[in-house]
Amino acid sequence: MKNDFLKYQAQTSPFPLAMEISHAKGSYIYDTDNNAFLDFVSGVSATPLGHNHPKVVNAIKDQLDKYMHVMVYGEYVQKAPVELCKLIAEHLPNPLDKTYLTNSGTEAIEGALKLTKRITGRSEIIAAKKAYHGNTMGSMSVMGYEERKQAFRPLLPGIRYIEFNNEEDLLRITDKTAGVILETIQGGAGFIEPQNDYLTKVRKRCDEVGAVLILDEIQPGIGRTGKLFGFDNYNCIPDIVVMGKGLGGGMPIGAFTASTAHMDLLMDNPKMGHITTFGGHPVIAAAALATLKEITETNLMTEALEKEQLFRKLLVHPLITEVRGKGLMLAPIMQSVDIANTVILKSQEAGLILFWLLFEGRAVRITPPLTISNEEIMKGCSIIISILDDILES
């Protein structure tokens, strides 16, 4: 199967990990030799309830028994997507009350960028250096990392950049700016949190010049930071919030939410201002609804902050310079890129799944399921520390 994987399925890097998967359950993934791997990555933050959570699986099966795809987005009334959008609105601050469901986070970013231009009649977009919002053309255009964009230019015009947490750069947001798009916590850059009320100050500057504020919650959202949305930690309400990854509970989804007044602009002038065939798919929406209910009706978000403290207590080592992030969105920063690479690769050999971040080579991604147990955390951290000890002694 590995040979066919390499021959027939397009790859994203020259050296994929190429683990042959048999099944997955809870916090573990199993290969075809029935080796168990403790999952500290959860599909890059996409399975917040772990693998094959019974409530998510049952919701999918129940919807499959009724129907799958019946019509393009926004034409028929279907229970699962309607209830999902309603539940999202119930957990967002005013005036964020209407949601557009998409197939992925990057598609939701595309929709948010289009809506921003429609709201303001302007075209300039301000993004952050070292930002990552997806890999379609519009999303890539607001990626703040030229090395990953240069082969695909020309991209969208009118994109300008500011440095995350740099308050002086906020003056670059002017009355020519349609919108500012930021990750609530910068992901690919190394899990960098906003400091000194930075997002509050961005909000204030956008209000001063009439610009739309888009916050990308694709990674920090859906309970990962101890709040349902990352911006709940930082006293900032965006005009548009973008979701993805964890919302689907392991199924592919994206969404962007705005006020009714703003979102309704996509209905006319032109009609069908944003359309999709499979967005809001009832099976996916059923999985997302079950996921969101479980996260909001249990103590998983509170426990995420308690588990963060356990990680911080255990991940202390001379080769770890700091641990960035919040809740269960954590990145221990190693002394060098080589050390980070060794930890990630050796951990898999020892039965622990870790992964990289896009732009910060010294970082090791730790984004486990919110359902991970304290015992599993201790087991995984013990593997990491053991590998670091071996590096230090060699």
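Just so it is clear, the model here is predicted, and its values are computed rather than measured.
With a 4.5 Å cut-off on side-chain heavy atoms, Ile366 and Leu328 do not count as touching. In this structure, the side chains of Lys149 and Val142 stay at 4.5 Å or more apart for every pair of heavy atoms.
For the pair Asp4 and Lys7, the salt-bridge criterion is not met [side-chain N within less than 4.0 Å of a carboxylate O]. A salt bridge is absent between Lys114 and Glu110; no separation between the charged side-chain nitrogens and carboxylate oxygens falls under 4.0 Å. Checked for salt-bridge contact, Asp207 and Arg203 meet the test: a charged N lies under 4.0 Å from a carboxylate O. Salt bridge Lys204/Glu208: present, at least one basic N to carboxylate O contact under 4.0 Å. The existence of a salt bridge linking Arg153 and Glu146 is confirmed by a sub-4.0 Å separation between a basic side-chain nitrogen and an acidic carboxylate oxygen. Salt bridge annotation for Arg324-Glu193: absent, with no cationic side-chain nitrogen under 4.0 angstrom from a carboxylate oxygen. The existence of a salt bridge linking Arg122 and Glu124 is excluded, since no basic side-chain nitrogen approaches an acidic carboxylate oxygen closer than 4.0 Å.
Thr32 and Ser22 share no donor-acceptor pair across their side chains, judged by distance under 3.5 Å alone. Looking only at atom types and distance, the side chain of Glu376 has a donor-acceptor partner in the side chain of Ser373 under 3.5 Å away. Residues Thr184 and Asp216 bring no donor and acceptor atom of their side chains to less than 3.5 Å of each other. A side-chain N or O of Asp389 and one of His317 form a donor-acceptor pair less than 3.5 Å apart.
Counting only residues at least two apart or in different chains, ring pair (Phe, Tyr, Trp, His ring centres under 6.0 Å) contacts with residues 359-394 comprise Tyr145-Phe359. Under the ring pair (Phe, Tyr, Trp, His ring centres under 6.0 Å) criterion, no residue pair touches residues 206-226, with sequence neighbours excluded. Sorted by first and then second residue, the ring pair (Phe, Tyr, Trp, His ring centres under 6.0 Å) pairs with a member in residues 257-281 read His69-Phe278, Tyr100-His274, Phe256-His274; sequence neighbours excluded. For residues 198-245, the ring pair (Phe, Tyr, Trp, His ring centres under 6.0 Å) pairs, not counting sequence neighbours, are Phe164-Tyr198, Phe229-Phe231.
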Side-chain polar contacts of residues 334-341 - donor-acceptor pairs under 3.5 angstrom, sequence neighbours left out - could you list them?
{"unit_1": "Gln335", "atom_1": "NE2", "unit_2": "Pro318", "atom_2": "O", "d": "2.8"}
{"unit_1": "Ser336", "atom_1": "OG", "unit_2": "Ile339", "atom_2": "N", "d": "3.2"}
{"unit_1": "Asn341", "atom_1": "OD1", "unit_2": "Trp356", "atom_2": "NE1", "d": "2.7"}

Going through the checks in order, is the side-chain contact (heavy atoms from CB on, under 4.5 Å) test met by Leu315 and Ile384?
CA-CA 8 Å; Leu315 292 176; Ile384 295 171; 4.1 Å; yes

Going through the distances and angles, do Leu171 and Ile162 end up as a side-chain contact (heavy atoms from CB on, under 4.5 Å)?
CA-CA 9 Å; Leu171 294 177; Ile162 58 177; over 6 Å; no

Given Thr260 and Asp97, is the side chain to side chain donor-acceptor pair (under 3.5 Å) satisfied, shown in steps?
CA-CA 6 Å; Thr260 295; Asp97 60 1; 2.9 Å; yes

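By the side chain to side chain donor-acceptor pair (under 3.5 Å) test, Glu303 pairs with no residue at all, sequence neighbours left out.
Ring centroid separation for the pair Tyr67 and Tyr76 does not come in under the 6.0 Å cut-off.
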